[in-house]
J.: 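Would you mind keeping the following structure in view while I ask a few things?
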There are 2 protein chains.
Amino acid sequence: MESTNLTPDIAVQALAALAQETRLGVFRRLVAAGPEGLPAGDIAASLGVAANTLSFHLAHQAQAALVTATREGRVIRYRADFSRMAELIGFLLADCCGGRPEICLPLGLPPTVPETTDEAPARSCCG
Amino acid sequence: MESTNLTPDIAVQALAALAQETRLGVFRRLVAAGPEGLPAGDIAASLGVAANTLSFHLAHQAQAALVTATREGRVIRYRADFSRMAELIGFLLADCCGGRPEICLPLGLPPTVPETTDEAPARSCCG
DNA sequence: GACATAATTCGATGATTCTGGAATTATCGA
DNA sequence: TCGATAATTCCAGAATCATCGAATTATGTC
């Protein structure tokens, strides 16, 4: 029942896909955009970088499986892939927190599991 | 009551301090070493890199506050700083998980908060 | 088919990073 | 003080990365 854990190699790749100003900006915007994601052009405009520069970074993130791309006519829409992010965080908690994940989970920060597990508002958003 | 959240700039710095093969190797070894940490020389030997190369990477990680250094005679001992790692993970959960941290916490992975929320068992272990 | 738009790939350039040799600093022991 | 050890800083070279202009591919519209 392990949540498939990343290898260090893959973890490095995923970390590198976020460890740069433009790239973290891209990802945060995609996260903020939610399930709809954003067209590549919108991200580029929002960040003020050239379209080809953005493609360069998106390619990295797609390679790392942190984002997905779907063509919609002339537009290519990007979305954050939360499952990969979960794997990355899982790796950090497992491998970088001394075997005690709880010491790296800011106390009471996230309502890890809200009192009522029944209906979480977040559903298919991050498939 | 926010757990001091990292700025994107600082988060990039912390991510970059891990997003490289040698550096992630360093950090994982420090984590595995536990509270005792490791002398710089031991890390270098364990990773098979030159001492000066290791210093270069350790400096990055120290700058990012992910490791701490204490001199012990001729040896300088390094330790992983879990509080910084917690901040990093906190940032990722808050800013990169669509406002719903739980979707990035591999289900039932860590016993996030044991049944009793009052007393956190993990304490001074990690400075 | 011809044209316009969205995005990527190609090519080049400047900047940054990673690495290790050599020199330097700090500590310990005799 | 001298020598040995641990680690860092200094320096240079090679490699990688980030950026953007130009060309290319893919799609939609007329």
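Throughout, a chain's letter reflects where its sequence line sits, starting with A, and its residues are numbered from 1.
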J.: D/dT16 P sits how many Å from A/H60 NE2, rounded?
T.: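 Atom NE2 in A/H60 sits about 12 Å away from atom P in D/dT16.
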
J.: Nearest to the side chain of A/S55 - C/dT9, D/dA18, C/dT17?
T.: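 Nearest to the side-chain atoms of A/S55, counting from C-beta on, is C/dT9.
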
J.: A/L58 vs A/Y78, test: side chain to side chain contact (heavy atoms under 4.5 Å, CB included). Steps then yes/no.
T.: CA-CA 9 Å; A/L58 284 172; A/Y78 283 86; 3.5 Å; yes

J.: In terms of SG positions, are A/C97 and A/C104 separated by less than 2.5 Å?
T.: yes

J.: Would you kindly give the CZ-to-P distance between A/R74 and D/dT27, to the nearest whole Å?
T.: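 That distance rounds to 12 Å.
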
J.: Take the protein atom CG of A/L47 and the nucleotide atom P of C/dA7, then report the distance between them rounded to whole Å.
T.: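 Going from CG in A/L47 over to P in C/dA7 covers 14 Å.
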
J.: Grab the CD-P distance between B/Q20 and C/dT17 for me, whole Å please.
T.: 11 Å

J.: Consider the side chain of A/H57, meaning its heavy atoms from C-beta on, and name the nucleotide among D/dT19, D/dC20, C/dA7 that approaches it most closely.
T.: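 That would be D/dT19.
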
J.: Choose from C/dT19, C/dG20, D/dC20 the nucleotide whose nearest atom is closest to any side-chain atom of B/T22.
T.: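 Nearest listed nucleotide: C/dT19.
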
J.: For C/dT8, take OP1 and OP2 only and decide whether either is under 4.0 Å from a side-chain N or O of A/Y78.
T.: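 Yes, such a contact exists.
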
J.: To the nearest Å, give me how far apart CD1 (B/I76) and C1' (D/dA7) are.
T.: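 Value for this atom pair: 5 Å.
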
J.: Specify the separation, in whole Å, of atom CG of A/D42 and atom C1' of C/dT5.
T.: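 Value for this atom pair: 14 Å.
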
J.: For B/R23 and A/V75, find the nucleotide of DNA chain C closest to each by heavy atoms; which residue's nucleotide sits nearer the 5' end?
T.: A/V75

J.: Mapping B/T53 and A/V49 onto DNA chain D by nearest heavy atom, which one lands closer to the 5' end?
T.: B/T53

J.: Rounded to whole angstrom units, what separation is found between the CZ atom of B/R71 and the P atom of C/dC28?
T.: 8 Å

J.: Working note: B/R23 + B/L18, criterion side chain to side chain contact (heavy atoms under 4.5 Å, CB included); need CA distance, chi angles, decisive distance, verdict.
T.: CA-CA 5 Å; B/R23 287 210 278 262; B/L18 297 173; 5.9 Å; no

J.: Students often get this wrong, so: under 4.0 angstrom with heavy atoms, is A/A40 touching a base, only sugar-phosphate, or nothing?
T.: sugar-phosphate

J.: Between D/dA6 atom P and B/L54 atom CG, what is the distance in whole Å?
T.: 14 Å

J.: Is there a side chain to side chain contact (heavy atoms under 4.5 Å, CB included) between A/V31 and A/F82 once you walk through the steps?
T.: CA-CA 9 Å; A/V31 166; A/F82 293 103; 4.1 Å; yes

